Structures are given as structure tokens and as C-alpha cells.
Amino acid sequence: MQYKIEKSKIIKDLQSILGSKNVITSEWNKQPYCKGWRYGEGEALAVIKPRTLIEIWKVLQICVRENIIVIMQAANTGLTGGSTPFGSDYDRSIIIINTMRVSDIHILNKGKQIVGFSGSTLFGLENKLAQFGREPHSVIGSSCIGASIVGGVCNNSGGALVKRGPAYTELSLYAQINSKGELELINDLGIELGKSPDDILNNLQSKNYKNNQIQFPNKLASDNKYQNRVRDIEADTPARFNADGRRLYGASGCAGKIAVFAVRLDTYPIPKRTQVFYLGTNSPYVLGKIRRDILSRFKNLPTSGEYLHRDCYDAAKKYSKDTFIAIDKMGPSFIPKLFEFKRKVDLIAEKFNFLPTKFSDRLMQFLSDLLPNHLPHRMEEYRKLYEHHWVIEMSDEGIDEAQAYLEKFFLDNEGDFFECNKKEAKKAILHRFVAASAQGRYHAINQKNLGEMMSMDIAFPRNEKDWFEKLPPEIDDLLEMKLYYGHLFCHVLHQNYIFKKGVDADAIKQKLLKTYDNKGAEYPAEHNVGHEYFAKDSLSNFYKKLDPTNGFNPGIGKTSKRKHWK
């Protein structure tokens, strides 16, 4: 059954709320919002760009009244297609609400907590907190590509920072559609803002509340038990993963099954001192022993610990070079503009038959090949010597603790380490985090001669010692490229593959997933299911409880796209 609507009337109603320029209906202009950054695309009746919370609410009222699917979207930087339509087999029309103009951030309790609106970004929050000597939950990784605060919470993203774990809060403001098909506004922010939806949204938008209206209920604004969890190195379950029922609550882990207006989160003191240690070895077991020692014996946990295999080091050096240089020279705030430029170049190129597909990638790769080597000499020397690279950042008292341990450890074990200066530290961390784009770039410029891409996001059990993958020849021989990187302390590994032309990627994927299942691994670990993974029961049941009529972002986790989950 396909539900019918009066499209012209709905567009006029939307334009009366937002103005015509903020209701995008042309196919050309909708494409950047209807196509995922890496994966997935589909059609939408319109893309809406509200400026205020009350405008979002009014758009939702129209969508519920007219039986229209809503997909909430911020920066559209997800890796598994969860913030765009996917395919053309929906039973209702779709409206995308892009929230990037709703970017307010309120500072609470002298910077110890914040309220981030639906389009606020990690980068913007980092700048705003600096004056208080504090920093947000995530300061590396997705923050480099303009990711939103709310998007991170909705997908339990993050966890690269060892002391903090995935983004989590039990304090949020959101709209949901109840089992009767009625739109409701739920104020779980812990701030007295009034009774009616209009009052609540307008008072929050204008910051029309006083300190005595800010409550501190017995609810979490971060995962305060994660340090104990990641230290439990004998546990046979992963430290963190998207289907973890411990951390599915309201907006946290909702994957767009409700419309989140704002979230309230804890912040963290900026360390007085930091030091990055660069480790190299030819044995994954050496890194595994260091991991277990640090997590079980150290008084001070690391800030982060980012793993990079030599093949991934090489691929990132060549194919992520332009992204690295853009962030290094112009800062993270430039990256969303760069992505928008790439999308527009590709859209224009599609109009001309003589231009190749993925034209922007080819152009940027050509330009980056002309630039000199951007990586520090000592990193390059370690690349020659060692297969496995680990970038560990420590802070304050943990610096001396790590230094003494590593000096003693490498007297008796294979491998070595060096202490990075500030320039090396910045580049080592950045090199690891731009590595995620290498696979896509390589595939884009060589796709005629290649098979499919596959990106696995795996959380291994905390007691797993054989964490580095050793593929059997019958699978390894089918691969054109394999790239390994990840967050080693929490055993979250990103394993990216490009298959040779003609290979049945789905068949190989099922074999790989079976090996992960046999090890007790969970997947996805942090990128969420999107439209790429099946949602396990703990997730799909959570989605159905949040959204009983299936009006928000249907099809997530390969669930039903039909109304009432039929």
C-alpha cells in the first residue's frame, strides 16, 4: 500500500513556516542531503532547513498529520547510510529535516555541562568550552569532519577516548509519535521550561530559564562506568558496541527513531600536560601485552590509543593526503566546506559525459600527488622498520607512568617507541584519523578494475588475544586491498576490504561475520547499523518501543520500512 498525499499543498504549508529558500524541492539541490557520505541514497519529497526548534516542531506536526516519514539529519557524515533515505521501497513519502542551522549551545554549571541543540557540532563545542578550561566528550575522529553532538548521542558514537567511552546521556528533549499516531514532546533535559510544547521549545531556544530551574536529577549525562568496564581485560564481552542494552535510553542509541531537539552532556577538564608516544613492533602480541598491562596495572588510563597497520599507513599517506593537509593547514572547520565542494563538483561532472565518475576524487588525488611528503621523519623510519603502529596519548601523571613502563618493556621485547614532539604528535594522531578515507579514494579512482568495498566495524571481547586478523588464503586471495586500524585499548577494530573484480562480496561477508560471531565479537561497534547491518533484537526492540508507528527513519538496521512495522 502506498499512502497518497497532496504534494503541492504540503510544500506550500512548509514554505509558510520556513520560507521558500529553506524548503528544497529541486532534484539537483536535494542530492547532497539524499545521498550518504559513504553509503546509501534515496528520494525525498523535500529537504527542510529550519532555524529554530519551534520550526522543527511545526514541520513535524505537518508530517504526522499528512502521514509522511521524517528523517532527521545533521552533518550527514555517517558511514552506514543512517541519515538519508535508502532505496525507493518506502510506503510513504519522505521529508528530510536538516538541522545544521539549529546549532545553539548552552553552557551550564560553569562549563561542567552543556545543552547542545540538534545541529550543534563537536568542533563548535570545543571552541566554546576552551574559555572554561574544559573540553567535550569527543575531540578527535568524527569532530574533524563536522559531526554533530546530537548525532553522536543518537548513534552511541565515539569511545576513542579511553576514559570516556561512547557518547551517552539520559537527559534530552525529543519528540516521538506514540502508538495512537500522536506527536508528543518529551522534556527529559532536567530543566523547567514550561508545560506546552511551544513554551518549552521557545524558552529553551531563547535561554529563558534561570539557574534555579536547572535540576540535577539522578540521571547520567555520560557513561560514568566505562573506565571500570574497559579495565576488565578478562571479560569475554566487548567494552562497547551499538547494541549494548546498557546504553540504550531515550535519545542515546535511538538512530533517528525520535526527533531529538537537544541533549545535555557532561564535559571534561583539559589536561595540564599531554604526551604522545609512538610505538612500533612486528608482533601484534607485543601490542596486546602492552594493552593488558596498561589497562590492568596503570593508575592513570591513557587519553587514547590508536592502532594503524603498515598497509593502512601507506594507503593513508597517499590517498588521505589532501584531507590531512586541509585539516593541518586550515583546521577542522574547513572540512565540511571541502565535502560540500566535492559533492557539488561531482554533481556538475555528472552532467558532462566526457568527465569521469568521482571526478572530485580524481582531481584532488592528482593535486595531492604534486605535494611533498607531509609526514615526520621519525614516523617514516618506523614505517620501514615495523608492521604495527600504535599512537598512545597520556596526560598529566600518566605521562611519567607510561614513560617508565615503555622504557623497561622494550628492553626485553621486540619493537621500540619514541616520544613525539608537539608537531609529530599532532601529525601522528591526524594521520590515523584521516586513514578512514583512504579506502574510498582508492576505490573511486580505480573502480573500473575493482570489485566491491566492504567496511567492518568490529568490537572484540576484552579478553581476546588474537585480535589481529589472519585471513585464510581462500579469502585473502580474493582481496585487492585490506586496511586495518582502530581503537586498540577497547578492542574496536575497523577492517576495510576491497575485493577483486567479480568476487561475490556478500558471500565473503557472511563468512567473515561467522568468524567474528565465533569469537564473541559484536558489530557494529560504533558506526551504528544504518542500512548496512542487521539490528539485533536489543536494538530493533528499542526502536519499536521508541517509534511504534515507524514514522521516523524506517528501515534502519534492515527493519521494516512499512507503517506500524508491517
Side-chain angles (χ1 to χ4, degrees), residues 107 109-114 122-123 125-144 158-165 167 222-224 226-228 230-231 265-280 287 290-308 324 327-328 331-332 375-379 382 389-411 415-434 487-490:
I107 303 296
N109 195 17
K110 298 180 181 178
K112 293 180 181 178
Q113 286 191 334
I114 63 97
L122 290 166
F123 177 71
L125 178 56
E126 188 175 357
N127 286 342
K128 197 153 191 173
L129 285 174
Q131 62 181 304
F132 297 94
R134 302 186 72 86
E135 61 188 12
H137 168 271
S138 298
V139 295
I140 51 180
S142 56
S143 59
C144 289
L161 299 185
V162 182
K163 302 173 188 177
R164 303 178 191 178
S222 61
D223 186 349
N224 64 356
Y226 184 73
Q227 289 195 26
N228 294 332
V230 77
R231 281 187 181 275
L265 293 166
D266 291 332
T267 68
Y268 303 84
I270 296 175
K272 295 180 177 65
R273 295 188 301 142
T274 61
Q275 177 62 57
V276 169
F277 298 90
Y278 198 99
L279 283 63
L287 297 189
I290 294 172
R291 170 189 172 269
R292 292 174 64 85
D293 285 348
I294 290 177
L295 291 178
S296 61
R297 300 180 187 176
F298 273 35
K299 181 180 179 182
N300 302 281
L301 279 175
T303 299
S304 64
E306 295 305 307
Y307 169 75
L308 197 67
F324 180 105
I327 295 174
D328 187 42
L375 297 178
H377 174 73
R378 286 201 287 182
M379 284 176 58
Y382 266 49
H389 298 235
W390 200 9
V391 184
I392 298 178
E393 183 176 2
M394 302 296 298
S395 63
D396 298 330
E397 291 82 4
I399 297 172
D400 294 338
E401 192 174 17
Q403 185 181 48
Y405 167 83
L406 292 172
E407 286 177 351
K408 183 178 179 181
F409 180 88
F410 282 113
L411 290 175
D416 205 349
F417 81 101
F418 66 85
E419 296 180 40
C420 296
N421 59 37
K422 287 186 177 181
K423 185 176 181 181
E424 289 171 329
K426 179 183 177 183
K427 291 197 171 189
I429 292 171
L430 184 53
H431 184 58
R432 155 62 188 90
F433 278 99
V434 299
H487 319 294
L488 197 52
F489 281 114
C490 56

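Computed from a predicted structure; not experimentally measured. One is the number of the first residue; the rest follow in order along the sequence.
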Can you find a heavy atom in the side chain of [X] that is under 4.5 Å from one in the side chain of [Y]?
X    : Y    : answer
K112 : F132 : no
I294 : I392 : yes
L287 : R291 : no
P136 : L129 : yes
I114 : T267 : yes
E424 : V276 : no
K128 : I107 : yes

Backbone of [Y] reached by a side-chain donor or acceptor of [X] within 3.5 Å:
X    : Y    : result
E393 : F277 : no
R273 : D396 : yes
R134 : Q113 : no

Between E397 and K299, is there a salt bridge with N-O shorter than 4.0 Å? no
Between E135 and R164, does any side-chain N to carboxylate O distance fall below 4.0 Å? yes
Set out, in order, the CA-CA distance, both residues' side-chain angles and the distance that settles ring-ring contact (aromatic ring centres under 6.0 Å, His included) for F489 and W390, then state yes or no. CA-CA 10 Å; F489 281 114; W390 200 9; 4.7 Å; yes
Residues R432, H487; criterion side-chain contact (heavy atoms from CB on, under 4.5 Å); working and verdict: CA-CA 10 Å; R432 155 62 188 90; H487 319 294; 3.3 Å; yes
Distance check, rounded to the nearest 0.5 Å: [X] atom [atom1] versus [Y] atom [atom2]?
X    : Y    : atom1 : atom2 : result
M394 : E401 : CE    : CD    : 6.0 Å
L488 : I290 : CG    : CD1   : 9.5 Å
R231 : R292 : CZ    : CZ    : 14.0 Å
L301 : L161 : CG    : CG    : 12.0 Å
D223 : H137 : CG    : NE2   : 8.0 Å
I429 : K427 : CD1   : NZ    : 13.5 Å

Please name the pair of heavy atoms, one in [X] and one in [Y], separated by the smallest distance, quoted to 0.1 Å.
X    : Y    : answer
G305 : V162 : N-CG2, 4.3 Å
V434 : I327 : CG1-CD1, 4.2 Å
A425 : C420 : N-CB, 3.6 Å
L375 : M379 : CD2-CE, 4.3 Å
A160 : F433 : CB-CZ, 4.4 Å

Looking at F417, Y382, F418, Y278, which one forms a ring pair (Phe, Tyr, Trp, His ring centres under 6.0 Å) with H389? Y278
Should K163 and S395 be marked as a side chain to side chain donor-acceptor pair (under 3.5 Å) after you check the CA-CA gap, both sets of side-chain angles, and the distance that decides it? CA-CA 11 Å; K163 302 173 188 177; S395 63; 3.1 Å; yes
Under the rule for side-chain hydrogen bond (donor to acceptor under 3.5 Å, both in side chains), what residues qualify as partners of Y268, not counting sequence neighbours? none
